[in-house]
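Notes follow once the structure below has been shown.
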Amino acid sequence: MRVVLAEDLFLLRDGLVRLLEAYDFEIAAAVESGPELTRALAELTPDVAVVDVRLPPSHTDEGLQCALQARRDRPGLPVLVLSQHVEQLYARELLADGTGGVGYLLKDRVFDAEQFIDAVRRVAAGGTAMDPQVIQQLLSRRSAGSKPLGRLTARELEVLELMAQGRSNAAIAGQLVVTERAIAKHTSNIFAKLGLEVSDDDNRRVLAVLAYLDQGR
Amino acid sequence: MEISSGGSGMATRARGVVRDGTRALVLAVVGLPGALVLYVLAVVSLLLVPLGVGIVTTPWVLAGVRGFADWRRVVAAEWCGVRIPSGYRPVPVDANPWGRCFRLLSDRATWRDLIWLQVDMTAGFVTALLPAALLFYPLEGFALAAGLWRVFTDGTYIGWWYAFVPVSGQASALAAGALGVVFLVASYHLTPSLLRVHFLLTRAVLAPGQGELAERVRVLTETRRAAVDTSAAELRRIERDLHDGAQARLVAMGMDLGTIEALIEKDPAKARELLARARKSSADALTELRDLVRGIHPPVLAERGLGDAVRALALRVPIASEVNVDFDGRRAAAPVESAAYFAVSEVLTNAVKHAGADRVWIDLRHSDGMLRIAVTDNGRGGARIGTGSGLAGIERRLGTFDGVLAVSSPAGGPTMVSLEIPCELS
């Protein structure tokens, strides 16, 4: 799988290259600035891009902007954005086009190599990988104010949280140490309580959840 | 084309006149009782100073007076573009009640406020009522002409006076209606200027005069000292947080790694356990650093500027919020953005924690070299700028930039906090 990597700090870039290569990814390019990233994404057509939010020369949210632009030019281009901090505002911008294949994680998540690699693969396959922090902010906000989430049981909230991060039923079952059928039952309960259409598509259901969490503000 | 553009110009003008007339009515209705009550309270409180009670009550009452004056400053700038500078001397945070009271009484701005209250309840009331009356009095004339006169007379005697027209039947009622038209025409031409006269009068009394440049210099010196003190305290806090938090965790992590090095052959199980702990230490250190950065210079503010930073902030509060920004894409100077951001953050925290609000509206605008922010919530109200409240901290922060803070928060709500900072956008 071919990856374009953008990170301005040498140490981190080097570490990420090593980590991805250890898990059999092919590094198509490892760049350190916004313009370079834009060029690499246009010319190399990678399977997935791993991008730092803050990049030179502006040192603002240049990485995010480049990624969003690249996705406008090539809809569905899988992009995993890494950041020193996570903001719902940015998560919404990434999810806004509704085509999936996006991820938004804290940089610390690379500490757990397996989970991080799992996230990269999920994004490359067109799924989503949202940082648990984003989801938690969303959930705490919703459960404070809106009734439908209040009707969920503690277990269902747990499942919803993992589902919103982009996990499949199998992965959720593995993490919560229950059977996949139990999860399937939970998810259909959740969909019923939230009034969402049941869908087989992993990615669509996450977007539906996030869209639900996002609206009614 | 000519006609239609003239027509729309007239419509705009008419809307402006109605708006200004309504505002004048608000000023008259709120201003008179407000000024009266505050003035009486202030005089009583001052008389009680020799008895000791006044030392405690005076700062509270004067804070109310200042709030009232600041509200007027804000509406003067917003409604008519009349800028009324304020020249209050800051009161040290740690002053005792006597020091605080003495400080306020020795401030010329305090006495200017008290004189203004007298003017505001007399001449100020008249100049606010006049434009309102010009706009609304004609309605009575039209109502009389339309038949209301029958309530007052059967046509044989003078039952009602409309201005100088004695109403005694349909004919004189029509005359009253005609006079109403005259008033309305006068209102169309005069109301905005009359409202402006009201604010100019306010400015004449409330603004520091030319002879008070020295006063201004003193204010600047003191706000500068406050700013320096605040930033020194901030640096100490950052140093302490780094020292006790992230730094300590990194040291612990280094020690754990050293132990792991020694154990890796002898006791792999123990080494693995320590590795997990070291990883947790580094994650915790990162979280602490992240929180620290958010407290100094929030990342979204650095990356996107005030508008998006406030939007991100609103997303993080656990209540429904609505943010409007009219200057997206343009940035103010970093210190101004930072002061405004933390002010909004503090106000939002208050709304959630103390006011028990479940909805908040944040409005950010920039015009005429002024950044104006209004935060309104539907909570229980009762917020005021006083000692020890976060609002006093905001006021000090804004003071450095000649910014003004005004709070309107009647018991029962809603609370509206407006702040203004002079600044240019780029």
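Residue numbers start from 1 in every chain, and the chains themselves are labelled A, B, ... in the order their sequence lines are given, proteins ahead of strands.
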Ser367(B)-Arg372(B) side chain donor-acceptor pair, cut-off 3.5 Å: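 On atom types as modelled, these side chains qualify, holding a pair under 3.5 Å.
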Distance-only polar pair, side chains of Arg54(A) and Gln84(A), donor-acceptor under 3.5 Å: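 Judged by distance alone, the side chains do not pair up.
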Any carboxylate oxygen within less than 4.0 angstrom of a Lys/Arg side-chain nitrogen, looking at [X] and [Y]?
X: Asp328(B); Y: Arg311(B); result: yes
X: Glu234(B); Y: Arg237(B); result: yes
X: Glu156(A); Y: Lys193(A); result: yes
X: Arg155(A); Y: Glu158(A); result: yes

Under 3.5 Å: donor-acceptor pair, side chain of Ser409(B), backbone of Gly382(B):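 Yes, the answer is positive, given that a donor and an acceptor are paired below the 3.5 Å cut-off.
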Interface moiety of Val86(A) toward chain B, non-hydrogen atoms closer than 4.5 Å: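 Only the backbone of Val86(A) comes within 4.5 Å of chain B.
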Sole candidate of Arg272(B), Lys270(B), Arg277(B) that passes salt bridge (Lys or Arg N to Asp or Glu O under 4.0 Å) when paired with Asp256(B):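 Among the candidates, only Arg277(B) passes.
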Heavy-atom pair with the smallest gap, counting every atom of Val347(B) and Ile394(B):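 Smallest heavy-atom distance, with atoms named: CG2-CD1, 3.8 Å.
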Residues of residues 289-308 of chain B within contact distance of chain A, non-hydrogen under 4.5 Å: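 Listed by number: Arg290(B), Arg294(B), Pro299(B), Val300(B), Ala302(B), Glu303(B), Arg304(B), Asp308(B).
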Steps toward side chain to side chain contact (heavy atoms under 4.5 Å, CB included) verdict (Leu64(A), Tyr104(A)): CA-CA 10 Å; Leu64(A) 180 70; Tyr104(A) 181 43; 5.8 Å; no
Most contacts with chain A, counted as non-hydrogen pairs under 4.5 angstrom, among Asp358(B), Val317(B), Thr287(B):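 Heavy-atom pairs under 4.5 Å are most numerous for Val317(B).
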Residues of residues 6-14 of chain A contacting chain B, heavy-atom criterion under 4.5 Å, by residue number: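 Residues of residues 6-14 of chain A touching chain B at under 4.5 Å: none.
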